[in-house]
There are 2 protein chains.
Amino acid sequence: MADLPTSPDRSPRSVGFLLSQLGFVTSGRFSDALEPVGLSPREWSLLRFVAAAKGQSQQALAEQLGIPPSRMVALVDALEERGMLERRPDPGDRRVRALHLTPEGRRALARAAKVAVEVESRLCSVLDEAEREQLIDLLQKIQAEQVDRPGVHPGIARDHPARGRAE
Amino acid sequence: MADLPTSPDRSPRSVGFLLSQLGFVTSGRFSDALEPVGLSPREWSLLRFVAAAKGQSQQALAEQLGIPPSRMVALVDALEERGMLERRPDPGDRRVRALHLTPEGRRALARAAKVAVEVESRLCSVLDEAEREQLIDLLQKIQAEQVDRPGVHPGIARDHPARGRAE
DNA sequence: TATTGTTATACTCTATAACTATA
DNA sequence: TATAGTTATAGAGTATAACAATA
């Protein structure tokens, strides 16, 4: 079996390498850009899901996102302390905490959306609009076949702390 | 400023999200596929660099890869224990350890190359060859502008242990 | 006095599993 | 007896900085 071709700069000409490398760079950029908003990428992810389906229990959300319930606690704690998320009692079952966005959480989400547009714009500055559309189409084709839950970034649920981040 | 469009499955139609998500998935796949070879992605990265420039000192390599010298020690230790890498004394400077591949290291590298081809093939199974070339061209265009050292996967040098992996 | 490689240490993030309160 | 949420704990991986040998 032939090796993947490699450029003189030692960057393999491979979709896998490029995705892994650019994905890493992009995640870092987004994380940095989100800092002024006061959110980590993971917190942003959680807020998006709460916004999309208000009133779900912590564990229902944890299940959807694929993270253990114990981690959910700290995640929600942090957002509640900053007034972005609210735990409300469930009248039907007093064990359950239903999660809701606060106005502050909604504002943070709006600011994060701006940040996402800015990161996207910088990332794609070298492409014209047709190329960007083309690129998204190709990536979505891969996503449709290779990713179980397209709306969920698997980084939110990673179970191996330091796994697979290097090539 | 307009938000990024989002599909019904809540996956944003954005290059940034797709790169981050697919990059994460790809890294995990590669990491898993490499396991039978007995290498972590990071170790593979290091071996590639040693192979490309034999006899460099640990710290010269660490500099190139952007990792602290102290981490280099454990990394080289592990590869040396498995007989893939060799520390040789430098005749000119007795402080220096020059790094060389062993035959076993070369074999591991060859096996890893096969694995990379397999992962690539599975990842791109939904694309025809023209689409794959087109995708690589678009990604390399971004890479050229957004990545400092195209041959170095930044994951090998990450300084924030749990940073930015989620969306 | 500076540099190479090494070791020691403290810190962060994580999953597991015990625990409580409700059901 | 089972389930939602919480807390306690131990493990992995990391950077920083002190260290020994050599320059």
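Order of the sequence lines fixes the chain letters, A, B, ..., with proteins taken first and strands second; residue numbering starts at 1 for each chain.
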Phosphate contact ([N] OP1 or OP2) by [X] side-chain N/O below 4.0 Å:
| X | N | value |
| --- | --- | --- |
| A:Arg87 | D:dA4 | no |
| B:Arg97 | C:dT4 | no |
| B:Arg71 | D:dA15 | yes |

Discussion item. Can you confirm whether A:Asp77 sits close enough to A:Arg87 that some side-chain heavy atom of one is under 4.5 Å from a side-chain heavy atom of the other?
Written reply: yes
Item to complete: Give the minimum heavy-atom separation between A:Ser14 and B:Glu120, together with the two atoms involved.
Response: OG-OE1, 3.3 Å
Worksheet item: Can you name the nearest heavy-atom pair linking A:Glu131 to B:Lys141, along with the distance?
Response: OE2-NZ, 2.6 Å
Worksheet item: From the list D:dT6, C:dA23, C:dG5, which nucleotide is the closest neighbour of the side chain of A:Arg94?
Response: C:dA23
Without decimals, in angstroms, what is the distance between [X] [atom1] and [N] [atom2]?
| X | N | atom1 | atom2 | result |
| --- | --- | --- | --- | --- |
| A:Arg95 | D:dA4 | CZ | P | 6 Å |
| B:Gln58 | C:dT7 | CD | P | 11 Å |
| B:Asp90 | C:dT4 | CG | C1' | 11 Å |
| A:Ile67 | C:dT14 | CD1 | P | 10 Å |
| A:Leu75 | D:dA4 | CG | C1' | 17 Å |
| B:Arg42 | D:dA12 | CZ | P | 16 Å |
| B:Ile156 | D:dT14 | CD1 | P | 11 Å |
| A:Met72 | C:dT16 | CE | C1' | 18 Å |

What nucleic acid atoms does [X] come within less than 4.0 Å of, heavy atoms only: base, sugar-phosphate, or nothing?
| X | value |
| --- | --- |
| A:Val96 | sugar-phosphate |
| B:Ser57 | sugar-phosphate |
| B:Gln59 | base |

Discussion item. For C:dT16, does the base pair up with any side-chain atom of A:Ser70 as donor and acceptor (N or O, under 3.5 Å, distance only)?
Written reply: yes
Worksheet item: Does CG belonging to A:Asp148 count more than 12 external heavy atoms closer than 6.0 Å?
Response: no
Discussion item. Do B:Arg42 and B:Trp44 form a cation-pi contact, if we require the NZ or CZ to be under 6.0 Å from the six-membered ring centre and within 45 degrees of the ring's axis?
Written reply: no
